[in-house]
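Here the structure comes first, spelled out in structure tokens, and everything after it is commentary.
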Amino acid sequence: MIIGVPKEVKDHESRVGVTPAGVKALVEAGHKVLVEHNAGALSAMPDDEYQASGAEIVGSAYDVWRLAEMVVKVKEPITSEYKHFREGLVLFTYLHLAPVPDLTEALLNKKVTGIAYETVRDRAGSLPLLTPMSEVAGRMSVQVGAAYLEKEHGGRGVLLGGVPGVPPGNVCVIGGGIVGTNAAKIALGMGAKVTLIDLNLNRLREIDDIFNGRVFTVASNSYNVERAVSEADLVIGGVLIPGAAAPKIVTKAMVSKMKKGAVVVDVAIDQGGCIETAHPTTHSNPSFEVDGVVHYCVTNMPAAVPNTSTLALTNATFPYVLKLARMGAKTAIGEDKGIAEGVNTYNGTLTYEAVATAQRREWQPVSTLVQ
Ligand SMILES: NC(=O)C1=CN([C@@H]2O[C@H](COP(=O)(O)OP(=O)(O)OC[C@H]3O[C@@H](n4cnc5c(N)ncnc54)[C@H](O)[C@@H]3O)[C@@H](O)[C@H]2O)C=CC1
Ligand SMILES: CC(=O)C(=O)O
């Protein structure tokens, strides 16, 4: 198979979809890999390392997309990339389609097979290609939030760990999955008081065990959320219903009652955000204020630490890239239920129910299309 690896073009997106190590394994397996000039440079993976691993370096994104049978990326294509879509192309990347109808439309119109990292499942039913970036973003959310709490960045001037004689800051984490657990770990490590809210009581039991009771666990309902958020210095949003638009757990009214200079980091913003006042921001312009509360809502947080993030992401994605290349997408989708769960668009048909619900479209399971 011919595999294309374009350079990412989203704002400050500095990760890359395949590393030189991945290229070497693909070439050894008999595939051809086209890597756009400088695609890995910002992840500290220069062209000469790709070349030494057997990649062909290609001068333009246009040629990478045109010649490849499967394009492996990191982020969902932005509007300027839609022109590369064509019938039969396999696109393996984060897609986050629920809040982006125009991308969905473009993939469907051009009959692209869109396999979304964030909805691929493993045998245990978890999301193995979302997990590594949720680990990064969860850990980052506290360090970013701590920086925005500084006066100079518009925050209320609270040091999360406090000092002897002054109590620590209050961190409220909403969603106790991968983002939430990693956020809680770092916030505790910084000495903050941490409250974690989830709908899933079994998850709260696990969190209680993991942190030996040092994280205050709270069941998710609007009464509890309102109270915890009003007491918080830093609120971290990490709620997910896979593939769906994120539910708005923190309402505009709740934000208006938060402390002035408090900070919200809505990590779930890539699925539309779980805080009603949030809207997507970029690394160039990451924050804004609503009712005196600083909001940080960057949709590609891990791009800030691209060396760590590219390695962590590709550790997880690469076995799937190899399998898709070896079997071809149609056979791999037919034989591997986890990969089939990742298929959001197939030959002009929307194949993911939660995206269909968010966008009020028709859909069909991919299993009925791939026989
Ligand atoms: N902005 C960025 O750069 C990044 C964003 N993300 C996003 O972060 C979000 C969270 O991802 P993960 O932690 O991996 O998901 P996860 O599936 O591990 O955790 C989600 C948690 O939300 C909980 N939840 C669902 N409904 C809830 C409700 N009504 N109230 C409270 N909790 C509720 C679930 O029980 C689950 O524990 C996703 O949207 C993901 O795409 C992940 C990485 C980077
Ligand atoms: C998960 C995701 O969208 C990201 O890492 O950018």
Side-chain angles (χ1 to χ4, degrees), residues 8 10-15 17 73-76 78 93-100 116-121 124-141 144 172-185 195-207 217-225 228-229 235-251 265-275 278-283 286 295-306 308-310 312-314 316-317 354:
E8 294 294 322
K10 189 176 167 124
D11 182 73
H12 277 70
E13 183 48 74
S14 35
R15 291 168 287 178
K73 266 173 64 61
V74 178
K75 280 312 277 182
E76 66 281 358
I78 61 170
T93 189
Y94 286 120
L95 284 175
H96 300 298
L97 289 185
V100 197
Y117 290 165
E118 73 276 7
T119 64
V120 168
R121 300 251 184 200
S126 65
L127 305 168
L129 309 188
L130 182 60
T131 296
M133 294 303 93
S134 292
E135 289 168 339
V136 172
R139 289 174 186 213
M140 271 185 70
S141 65
V144 165
C172 170
V173 180
I174 306 181
I178 308 294
V179 165
T181 308
N182 280 277
K185 181 185 278 185
T195 302
L196 186 143
I197 301 179
D198 204 294
L199 206 52
N200 179 341
L201 295 184
N202 283 332
R203 186 60 193 152
L204 293 181
R205 291 183 183 105
E206 286 165 4
I207 296 279
T217 55
V218 175
S220 184
N221 58 52
S222 67
Y223 180 91
N224 287 344
V225 171
V229 161
V235 173
I236 293 168
V239 165
L240 175 67
I241 296 163
K248 305 296 177 201
I249 308 298
V250 178
T251 63
V265 176
D266 195 350
V267 185
I269 196 68
D270 54 356
Q271 293 292 143
C274 62
I275 292 163
H279 62 70
T281 62
T282 61
H283 285 288
H295 289 54
Y296 174 97
C297 311
V298 172
T299 51
N300 57 339
M301 292 173 66
V305 288
T308 302
S309 297
T310 291
L313 176 64
T314 56
T317 53

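One-based numbering, in listed order, for ligands and for the atoms of each. Atoms considered below: every heavy atom in the structure, side chains included; atoms not considered: hydrogens, waters and symmetry mates.
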Counting heavy atoms only, which part of Val74 comes closer than 4.0 Å to ligand 2: side chain, backbone, both or neither? neither
Which bit of [X] gets closer than 4.0 Å to ligand 1, counting heavy atoms only: side chain, backbone, both or neither?
X: Ser134; result: both
X: Leu199; result: both
X: Asn300; result: backbone
X: Leu240; result: both
X: Glu118; result: neither

N or O pair under 3.5 Å between His96 and ligand 2: yes
Of all the non-hydrogen atoms in the protein, which one sits nearest to atom 5 (O) of ligand 2, and at what distance? Arg15 NH1, 2.8 Å
Evaluating non-hydrogen atoms only, which member of Glu13, Lys75, Glu118 is closest to atom 2 (C) of ligand 2? Lys75
Could you tell me, atom by atom, which parts of ligand 1 come under 4.0 Å of a heavy atom of [X]?
X: Ile249; result: 28 (C), 29 (N), 30 (N)
X: Val298; result: 1 (N), 2 (C), 3 (O)
X: Gly177; result: 13 (O), 16 (P), 18 (O), 19 (O), 21 (C), 37 (O)
X: His96; result: 41 (O)
X: Thr299; result: 1 (N), 2 (C), 3 (O)

Is there a side chain to side chain donor-acceptor pair (under 3.5 Å) between Thr314 and Arg15 once you walk through the steps? CA-CA 10 Å; Thr314 56; Arg15 291 168 287 178; over 6 Å; no
I'd like to know whether ligand 2 has Val136 as a neighbour, heavy-atom separation below 4.0 Å. no
Relative to the ring of His283, is the ring of His12 parallel (under 30°), tilted (30 to 60°) or perpendicular (over 60°)? tilted
Min N/O separation Asp198 to ligand 1 under 3.5 Å: yes
Any heavy atom of Pro247 closer to ligand 1 than 4.0 angstrom? no
Does the residue Ala246 have a heavy-atom contact with ligand 1, meaning some pair of atoms that are separated by less than 4.0 Å? no
Set of side chain to side chain donor-acceptor pair (under 3.5 Å) partners for Lys185, sequence neighbours left out: none
